[in-house]
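Structure first, commentary second.
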Protein chains: 2
Amino acid sequence: MLSSTATTELDPFSPRTLALLDRAAAFCTTRASRLTETRRLVLGLILESRKPAGAYDILDHLRQYQRNAAPPTVYRALDFLLAQGLIHRIERMSAFIGCAHRLDCHHGNGCGHRAQFLICSGCGAVSEVEDSEISHAITSASRKIGFKPQQSTIEIEGICASCQQADST
Amino acid sequence: MLSSTATTELDPFSPRTLALLDRAAAFCTTRASRLTETRRLVLGLILESRKPAGAYDILDHLRQYQRNAAPPTVYRALDFLLAQGLIHRIERMSAFIGCAHRLDCHHGNGCGHRAQFLICSGCGAVSEVEDSEISHAITSASRKIGFKPQQSTIEIEGICASCQQADST
DNA sequence: ATCTCAGTCGTTATAATATAACTAAAGGCG
DNA sequence: CGCCTTTAGTTATATTATAACGACTGAGAT
Ligand SMILES: [Zn+2]
Ligand SMILES: [Zn+2]
Ligand SMILES: [Zn+2]
Ligand SMILES: [Zn+2]
């Protein structure tokens, strides 16, 4: 599930991932939270994966760098990363992806967001979008019945643009 | 997790549930699918529960009526009921609820629908709604990036109306 | 009537995901 | 340093879900 583009034992990540990890480190500094080595490795492994990474996939890869890693090692790191908003959990897949918004956008760090996820059943890729129309519709539908929404899971399964092209050839 | 309003060993369900089971049986007849005794029991147990029922909760209760029920017994019944659209799986809870639309509405049986679920973090109740604004927003957001949506998981966690009242007293 | 095939179910074992509980080490701070 | 909080190691276990295989059942076909 995780791609294997590791270069060295000591610094396994691609330049892109390293840049994102630097952003994550800076972000954690501003929040006075600690991106420890284990947490950084877990985030890096998630960012390297082109598909959502399962906890035990992450564990397998983590063990290349920390021999004695165990399930709690990974789940604690995941809990931390979720709490910081650096990753998302995809419920339908029991798997985790990096937050595109937190690490990739140019709106500045720390702004909250309400994301939706488009899951391609062809290639398994998941893309994160932030559509205000969906968010508003959810808020308004909730209000209609007196429900006070706090957190949403929006996961849309279907076929991504590139898989549609691949099919039509 | 399941309420215990069973009346007799042989016919454990409330009048309301019995009526819904009758509808389910009629619905299955129209589709030439078989609502067997085990499947009927599992659906009944789900309908009796005021909260989403986990597979192993269902199993515990099912064993009162079928001593040798095992996990596959329940999961097979759940697979069938999901395929018929008689229940939904709530991903965030790994649990199952009856489909309000299929069994309760007056639009006639067999019409598909795109439901959303409001999960109360106070009382654990889940209500199913069908909001076209949300559905349209999802379709339109998907189209914007060339994604072809097929199936959505929309789960909104928050506080239901009655829990809000309870808090404010 | 019996054959056969698909669908259903019983049974056992195991896979996959996640957490509890306790101990030890590490880091911030007076 | 000594104290306290956070983080991590370790073992065991809980929770959710499926694989695999054989037996039974019931509806048509021969
Ligand atoms: Zn995000
Ligand atoms: Zn795709
Ligand atoms: Zn429904
Ligand atoms: Zn409530």
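All of these numbers come straight from a predicted model, not from anything done at the bench. Naming convention: chains lettered A, B, ... in sequence-line order (proteins, then strands); numbering from 1 in each chain.
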Nearest-angstrom distance from the residue atom [atom1] of [X] to [atom2] of [N]:
{"X": "B:Y75", "N": "C:dT14", "atom1": "OH", "atom2": "P", "result": "19 Å"}
{"X": "A:I58", "N": "C:dA18", "atom1": "CD1", "atom2": "C1'", "result": "13 Å"}
{"X": "B:L62", "N": "C:dT11", "atom1": "CG", "atom2": "C1'", "result": "15 Å"}
{"X": "B:N68", "N": "C:dT11", "atom1": "CG", "atom2": "C1'", "result": "9 Å"}
{"X": "A:D57", "N": "C:dA15", "atom1": "CG", "atom2": "C1'", "result": "14 Å"}
{"X": "A:D79", "N": "C:dA18", "atom1": "CG", "atom2": "P", "result": "10 Å"}
{"X": "A:L59", "N": "C:dA18", "atom1": "CG", "atom2": "P", "result": "12 Å"}
{"X": "A:E37", "N": "C:dA26", "atom1": "CD", "atom2": "C1'", "result": "15 Å"}

Item to check | A:S162: side-chain contact (heavy atoms from CB on, under 4.5 Å) partners, not counting sequence neighbours | outcome: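 Listed in chain order: A:C160.
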Next on the checklist: Tell me every residue that passes side-chain contact (heavy atoms from CB on, under 4.5 Å) with A:S135, counting only those two or more places apart in sequence or in another chain.
Outcome noted: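 side-chain contact (heavy atoms from CB on, under 4.5 Å) list for A:S135, sorted by chain: A:R114, A:Q116.
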Next on the checklist: Here's a test of your reading of the structure: between B:R76 and B:R34, which maps to the more 5' nucleotide of DNA chain D?
Outcome noted: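 In this pair, the answer is B:R76.
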Next on the checklist: With a 4.0 Å limit, can you tell me whether A:Y56 has a side-chain N or O closer than that to the phosphate oxygens OP1/OP2 of C:dA16?
Outcome noted: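 No, outside the criterion.
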Item to check | Residues A:R39, A:E37: salt bridge by 4.0 Å N-O rule | outcome: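 No, this pair does not count.
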Checklist entry - Considering only side-chain heavy atoms of B:T36, which listed nucleotide, C:dG10, C:dA18, C:dC9, is closest? => result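 The answer is C:dC9.
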Checklist entry - Between the side chains of B:S14 and B:T17, is a donor N or O closer than 3.5 angstrom to an acceptor N or O? => result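 Side chains of B:S14 and B:T17: pair found under 3.5 Å.
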Checklist entry - Heavy-atom distance under 4.5 Å between the side chains of B:P52 and B:R89, does that happen here? => result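 No, their side chains stay 4.5 Å or more apart.
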Next on the checklist: If you assign each of B:P71 and B:S33 to its closest nucleotide in DNA chain C, which residue comes earlier from the 5' end?
Outcome noted: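 Residue closer to the 5' terminus by nearest nucleotide: B:S33.
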Item to check | Closest-nucleotide 5' rank along DNA chain C - winner of B:A69 and A:F96 | outcome: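 On the 5' side of the pair lies B:A69.
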Checklist entry - Touch check for B:R67, heavy atoms < 4.0 angstrom, all strands: base, sugar-phosphate only, or nothing? => result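 Nothing, no nucleic acid heavy atom in range.
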Checklist entry - If you measure from CG on B:D131 to CD1 on B:I156, what distance do you get to the nearest 0.5 Å? => result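 The CD1 atom of B:I156 is 8.5 Å from CG of B:D131, to the nearest 0.5 Å.
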Item to check | All side-chain hydrogen bond (donor to acceptor under 3.5 Å, both in side chains) counterparts of B:T29, not counting sequence neighbours | outcome: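 Residues passing side-chain hydrogen bond (donor to acceptor under 3.5 Å, both in side chains) with B:T29: none at all.
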Next on the checklist: Distance under 4.0 Å to a non-hydrogen atom of chain A counts as contact; along DNA chain D, which nucleotides mark the start and end?
Outcome noted: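 Counting from the 5' end, contacts occupy D:dT7 to D:dT11.
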Item to check | Five-pair end axes of the helix from C:dA1-D:dT30 to C:dG30-D:dC1 and the angle they enclose, rounded to 10° | outcome: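 So the angle between the two local helix axes works out to 20°.
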Checklist entry - Strictly under 6.0 Å, is that where the ring centroids of A:F96 and A:H88 end up? => result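 They do not qualify: ring centres at least 6.0 Å apart.
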Checklist entry - Can you list the other members of the hydrophobic cluster that holds B:I159, where links are side-chain heavy atoms under 4.5 angstrom apart? => result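 Listed partners: none, B:I159 stands alone.
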